[in-house]
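The structure appears right after this line, and notes come after that.
Sequence lines set the chain letters: A, B, ... in the order given, protein chains first and strands last, and positions in each chain run from 1.
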Amino acid sequence: MSNALPDWTGDTAALRAVQDDLAQRVSLRDDFAKPLRTIAGFDVGFEEDGAITRAAAVLLDADTLDVIDQRVARLPTRMPYIPGFLSFRELPALLEVLAMLPAAPDLAFIDGHGIAHPRRLGIAAHFGVATGLPSIGVAKKILTGEPRMALHEMRGAFTPLRRGKEQIGWLLRSKPGCLPLIVSPGHRVAMPSAPELVMRFTGKYRLPEPTRLADRLASRRDPGMRDAGSADLFDRGTG
DNA sequence: GCGACAG
DNA sequence: ATCTTGTCGC
């Protein structure tokens with residue numbers, strides 16, 4: 001197959017060709033460990049005015065959500081942010097931090113889109129195909145597509161995100177009163193499973209735990225010291 | 001040509 | 001993404 005990460009020459013047409021090729025290798029069938037043993041969240045941030053790309057990974061026990069390990073990788077930034085080509089800018093750092101983990105996760109949650117992309121190869125899908133790992137994209141904003149209908153306010157409500165007639169993902173209300181998450185399969189995860197898996201690992205915050213924790217590591221802010229213990233970070237309340 | 005545009 | 005205090009709302 002063609003190189004999943006060609007050097008940046010300023011030619012987006014070449015990258016587009018790579019995306020079209022890799023998108024064909026994406027599998028939208030559930031093909032991950034059952035039951036899931038470990039999951040991981042990945043996110044990217046920048047330092048030095050963007051000169052340095054920092055990727056964060058947090059490996060969690062899928063049952064207890066205990067943090068097994070967390071890592072940060074820093075690499076020189078190699079290309080600018082161009083809508084639709086985000087993965088070529090951030091994937092190198094993600095692959096680097098993945099290699100730093102003691103073991104690969106059974107499922108990866110990536111901050112960004114899966115197949116909810118103009119050419120069906122958002123960063124979560126690109127990551128999945130490049131690593132062979134099952135992955136799901138969890139984004140905060142739509143890149144492309146339209147919601148099928150208005151979303152209910154209740155926690156867990158979802159509606160398809162589609163481009164024309166085809167569904168490319170979902171809008172998921174992970175938390176009442178918050179803007180919905182845009183969830184889409186990355187690789188080896190079926191469309192109906194994506195929102196289920198995200199909700200399974202979402203507690204009292206808008207972002208699911210894997211991505212939320214990776215977010216805090218990637219963002220250059222210190223680990224919050226004002227919250228309660230980890231035990232209730234995942235508290236869903238009693239009723 | 002115009003507007004949209006993950007992080 | 002990132003620069004950043006206080007402020008509004010559940």
Using atom [atom1] of [X] as one end and atom [atom2] of [N] as the other, report the distance to the nearest whole Å.
X: A:R120; N: B:dA6; atom1: CZ; atom2: P; answer: 19 Å
X: A:M154; N: C:dC10; atom1: CE; atom2: P; answer: 19 Å
X: A:I142; N: B:dA6; atom1: CD1; atom2: P; answer: 11 Å
X: A:K140; N: B:dG7; atom1: NZ; atom2: C1'; answer: 7 Å
X: A:L179; N: C:dG9; atom1: CG; atom2: P; answer: 16 Å
X: A:M79; N: B:dA6; atom1: CE; atom2: C1'; answer: 13 Å
X: A:R163; N: B:dA6; atom1: CZ; atom2: P; answer: 14 Å
X: A:D215; N: C:dA1; atom1: CG; atom2: P; answer: 7 Å

Per side chain to side chain contact (heavy atoms under 4.5 Å, CB included), A:F42 is matched among A:V97, A:L217, A:D215 by A:V97
Taking the six-membered ring for Trp, does A:Y81 stack with C:dA1 (centroid gap under 5.5 Å, planes within less than 30°)?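 A stacking contact does not exist, since A:Y81 is not both close and nearly parallel to the base ring of C:dA1.
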Using a cut-off of 4.0 Å on non-hydrogen atoms, how would the nucleic acid contact of [X] be classed: base, sugar-phosphate, or nothing?
X: A:F85; value: base
X: A:G177; value: nothing
X: A:D49; value: nothing
X: A:G137; value: nothing

Ring centre gap for A:F88 and A:H126 strictly below 6.0 Å: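 Centroid distance A:F88-A:H126: below 6.0 Å, so yes.
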Using a 3.5 Å distance criterion without hydrogens, assess whether the side chain of A:D106 forms a donor-acceptor pair with backbone atoms of A:T38. yes
Between CH2 on residue A:W170 and CG on residue A:L151, distance to nearest 0.5 Å: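 A:W170 CH2 to A:L151 CG: 11.5 Å, rounded to 0.5 Å.
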Check the pair A:E153 / A:K175 against salt bridge (Lys or Arg N to Asp or Glu O under 4.0 Å), numbers first and verdict last. CA-CA 8 Å; A:E153 284 303 325; A:K175 175 179 178 174; over 6 Å; no
Distance below 4.0 Å between A:K141 side-chain N/O and B:dC5 OP1 or OP2: no
